[in-house]
Structures are given as structure tokens and as C-alpha cells.
Amino acid sequence: MTTELQHLIGGKLVSGTSGRFADVYSPMTGEVRARVPLASVEEMRAAVENAKEAQRGWAATNPQRRARVLMRFLDLVQRDYDELALLLSLEHGKTIVDAKGDIQRGLEVVEFACGIPHLLKGEFTDGAGPGIDIYSMRQPLGVVAGITPFNFPAMIPMWKFAPAIACGNAFILKPSERTPGVPVKLAELMLEAGLPAGILNVVHGDKVAVDAILDDRDIKAVGFVGSTPIAEYIYNRGCANGKRVQCFGGAKNHALVMPDADLDQATDALIGAGFGAAGERCMAISVVVPVGRKTADALMDRLIPRVESLKVGPSTDSSADFGPLVTAEHLERVKSYVDLGVKEGARLAVDGRNFKMQGYENGFYMGGCLFDEVKPDMRIYKEEIFGPVLSVVRADSYEEALSLPNDHEYGNGVAIFTRDGDAARDFASRVDVGMVGINVPIPVPLAYYTFGGWKRSGFGDLNQHGPDAVRFYTKTKTVTSRWPSGVKEGASFVIPTME
Ligand code: NAD
């Protein structure tokens, strides 16, 4: 019997009523482990109504009490850490230790959100005019929604719901239908931590549920993370419906390797950042750009044996470097990109397409692949592959190397490996990408900074987490006040100037 997952609406687990379901796989074995209900427009509407009702009381709860719920949540996640990490890796395929990192990077934003009462403070000008004071306050938007991808089932939901809820909003989470288990567990822990029913709801679904969010008059803001075509669609439709929208999309993250770089350090960094989580990270390095032929040859000599000896294993194998891909369909897509690269004339230096995991023959595994001599006009360079495939594009000079990430349509993350401070500084200043690493391959900013890509990796004007999250999830009200004892000067028909 396949387990049937449930939505979490109004503080209760409820079964889906649409009659539509999607299969949730165990990538490690290839089996279907559960089926997830796909919400109808009516189910989404009911969840929003419920959230709208609950939000009034939550907005009236003082910010410190709201933060205390998040503080208790932090402890509860620690208590259930191992169970959550196991569930995450069984649904997603990433190794258990990497699943723990997924949870940890989410918790760091929850920790940040515990301090949000400080950032909710408004401004005050005493005596802005004769007898006049001006102050501003930040108020919650009401009901807001988050639509999240399969690849960080713990971190990205927490990035979204923790700041939104700390700011006094009610939240509708529509997690990926491929990895829906952990988001529900996190919402249950929020309830256990004392969150009132209806403030955090998990409504599973596909395009039908997403469109219901985008068209719902009571949802005031939508945060999305996923692929670029869907990000753009959600941004356009949400904005057309008058919502505040931020959408984070796909990536093609370059790593420049300068002739003076420590090549051993760079190789370690590239292997981890290229193949960790089977390359299914929006901040994975997917393009390496060695500068100069000598650097390229020396780097290839180091990369080839490392890619050949990557240890692929089931998610529960603590010695594995990475596990299976998320679905059979995605595995086929990634392999077809490798076929395409060969056809396009790139040199496949390491071919992991035929890897089979002994004892797990139906799992969604492939080995690491390494391409050399990739050219900027090839589709394997231009498009996001999102798998364990690293492409080397050789550049003759620093300027040519810099032009690659600058001219690419994506602009999520980028890195440079060098010992030269001048080159690093020039790169950080001139590269047209949102997050930059200097000898750091995956420069995901910490919770108190903001996270966001440029160009077609991000739509909207505010980033995720950090102070931007408070701006995104609140609206500013500005009050100009004068009391009767102040100056009385009769009616004025001229715009007030506070002279
Ligand atoms: P996806 O775009 O397929 O799905 C993301 C969400 O959109 C899911 O909740 C899904 O149900 C929904 N969705 C899918 N198709 C839809 C449609 N036609 N209409 C409406 N909604 C739809 O992305 P994914 O495969 O789950 O995640 C991988 C992608 O996410 C990669 O492109 C990766 O780079 C990107 N990503 C970006 C960031 C970032 O911060 N920029 C972080 C993580 C992942």
C-alpha cells in the first residue's frame, strides 16, 4: 500500500479532495514511496480563507511573542534532526550529511528571524514641523505564499516562512510535489512550538495550485524559487494581479581559475561544488574557466582522476560523495545533455552515463561527467543541466574569462580562484552576477545578508532573507501627527511645507 500524504491546513492534516495525485519516489531505490495530493482551486481558496481569519490575531500578537515561537521551533528541529534528515534524503536522494546541511542553512534564517522585532521598528522625527511629529511603521501584508523547488526541501521553505511569519503574516507554502514530506513535518513542528492554527499552511499541488495562488485576491505576496521559465511566468502573472512578487530562477555558475591559483585547493573546491548533491544545487559550479593553456592542462590533469574516482552511493551511505538524482525523468534529461555535448563537439573527458549502482539497479544514479573544450555557443554551455556534469571552457585571458559570466543569461553565483588581490577585487567589482566567491566556490551568503541572483536568475527587486525579507513581507505606513495644543492657523489651501 502506498502512503497517501496530506495537506496541513488550519492546524490539521487533511486529505486531498481533488482526486488528483502525484507519485513521490525514493530515488535511492526507484520505488514509489508515497503519493501526494494535488490541490484544486477550491482547496486552495479554503486554505487562504482560513489563513486570512487566523492572520488578524497573529498580526496583533506582539513581535517578541511571535519570535518566541521560532525560538521553540529551533529546539524542536534539533530534537528531530536525524529523522528529518533521513526523510529528506529518502525523498530527494542527497546524502544524509548533506540533508543535515540543507536543514542547517534553513535554521540559520529562522535564527535571524528571531531578531526581526528589531528590524520591524519604525522611524520617528520629533518636531518635523511646528507641533508636528512624523513616524513610520512596518505592518504585515496579510496572507502571503511561497512556492518552492525540489532541491532544498527544508532550507528554502524556512527561508520563506520564518521571516514572513515573524513579520506577522500568515503563510501558504506550496512545496515541490517531488519532495513534499519535510515541509509538512516542519509545519507540524511550528504548531508544536506554539504557532496558532492557520498561520502556516502546507498545500501540495502542481500548476493548478500555483495558478490558484497567483489569482487569489487575498494573497498579497508570492515568493518563488525554481527554474527560470516558471519564475518568469509566476512573476508576470503575479504582478499582473497586483501582488508583490520575488522569483529566483536557474543558474549557470562559473568558476574562473587564474594562472596563479593554488590548483590543488581549486580542484578540491570545484569537485565539491560541482558534484555535491549530484549537481542539483542552484549554486553548484557547472562551468570552469581556466585562464591560459598551461592552467587549463594542469587543471584537467587534476580534475580527471578526481571525477573518475567520485563515489556515488545510496543516500544512506555515509561514505558516498553524492547520491541519485531526484527522478528517472530528470536523470534521462541530464544524460541527454551529455549526449548533446558529445554531438556538439565538446570533449567528454570522463563519462559517467553508464554507471549502475550494484544492489540498487532501479535507482536514479549516474556517475560524474567532465567536459573539456566546451564553447560558448553550445547548448550544454548556455542551458542549465542541473546534474553531475562539469564543463571546462578554456579562455586565453582574464578579460575573455570575465566576459563569459558577464555575457551569460544567468547571473546567480560565480567564483574566482587566485592569489592576486588586485585581480580578485577587479573581478568582484566588474562581474555581472549577484553572489561572488573569492577562493570560495559556493558563496551562499549567511542569513543576515541577502541571497539573490541577477539577470534571468532573479525577477523582482528584493532578495531573500536578511533585511530584504523584512522589506518584502511588510508594508510601510507613515503617520504625520499634530495634537490640538499645537499651532492653530486655520484652513490652508497650499501644500504643507513644514517651514
Ligand atoms: P521547477 O521550476 O520545476 O518547480 C518549482 C516549483 O514550481 C514547484 O513547486 C513546482 O510545483 C512549481 N511548478 C512547476 N511547473 C510549474 C508550472 N508549469 N506552472 C506553475 N508552477 C509550476 O523547479 P525544480 O525542478 O523543483 O527546481 C530546480 C530549479 O530551481 C533549478 O532551475 C534551480 O536552479 C532552481 N533553484 C534556484 C534557486 C535560487 O535561489 N535561484 C534555488 C534552488 C533552486
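Note that this is a predicted model, so its numbers are computed, not measured. Both ligands and their constituent atoms are indexed starting at 1 by order of listing. These values consider heavy atoms only, across backbone and side chains, with no hydrogens, waters or symmetry-generated copies.
Two rings, from H92 and F152, have their centers 6.0 Å or more apart. Taking the six-membered ring for Trp and the full ring otherwise, H254 and Y410 have centroids separated by 6.0 Å or more.
Of the protein's heavy atoms, S227 OG, 3.7 Å lies nearest to atom 1 (P) of ligand 1. At the top of the distance list for atom 40 (O) of ligand 1, counting protein heavy atoms only, stands F451 CE2, 3.1 Å. If you check which protein heavy atom lies closest to atom 27 (O) of ligand 1, you get P149 CB, 3.3 Å. The protein non-hydrogen atom at the shortest distance from atom 15 (N) of ligand 1 is I230 CD1, 3.6 Å.
Within the 4.0 Å heavy-atom criterion, the part of N412 lying near ligand 1 is the side chain and not the backbone. If you look at F152 next to ligand 1, there are no close heavy atoms at all, none under 4.0 Å. Residue M283 does not touch ligand 1, judged by heavy-atom distances below 4.0 Å. Using a 4.0 Å cut-off between heavy atoms, E384 contacts ligand 1 through its side chain alone, with no backbone atom that close. The part of I156 lying near ligand 1 is the side chain, judged by heavy-atom distances below 4.0 Å.
Residue pairs meeting the salt bridge (charged side-chain N to carboxylate O under 4.0 Å, His left out) criterion with at least one partner in residues 12-31, sequence neighbours excluded, are R20-D206. Legend: salt bridge (charged side-chain N to carboxylate O under 4.0 Å, His left out) pairs involving residues 148-175, not counting sequence neighbours, sorted by first then second residue: K174-E177.
Evaluated for a side-chain hydrogen bond (donor to acceptor under 3.5 Å, both in side chains) with R281, the options D102, N151, D98 yield exactly one hit, D98.
Less than 4.0 angstrom separates atom 4 (O) of ligand 1 from none of the non-hydrogen atoms of the protein.
A salt bridge links E373 with K375: the closest approach of a Lys/Arg side-chain nitrogen to an acidic carboxylate oxygen falls below 4.0 angstrom.
For ligand 1, the atoms closer than 4.0 angstrom to any heavy atom of N151 are 43 (C), 44 (C). Of all atoms in ligand 1, listed by their number and element, those nearer than 4.0 Å to a heavy atom of I147 are 6 (C), 7 (O), 9 (O). Distances below 4.0 Å separate heavy atoms of E177 from the following atoms of ligand 1: 10 (C), 11 (O). Each of the atoms 8 (C), 9 (O), 10 (C), 11 (O) of ligand 1 lies under 4.0 Å from some heavy atom of K174.
More than 12 heavy atoms of other residues, nucleotides or ligands lie within 6.0 Å of CZ in F355, so this atom counts as buried by the packing criterion.
Under the 30°/60° scheme for interplanar angles, the aromatic rings of Y235 and F459 are found to be tilted.
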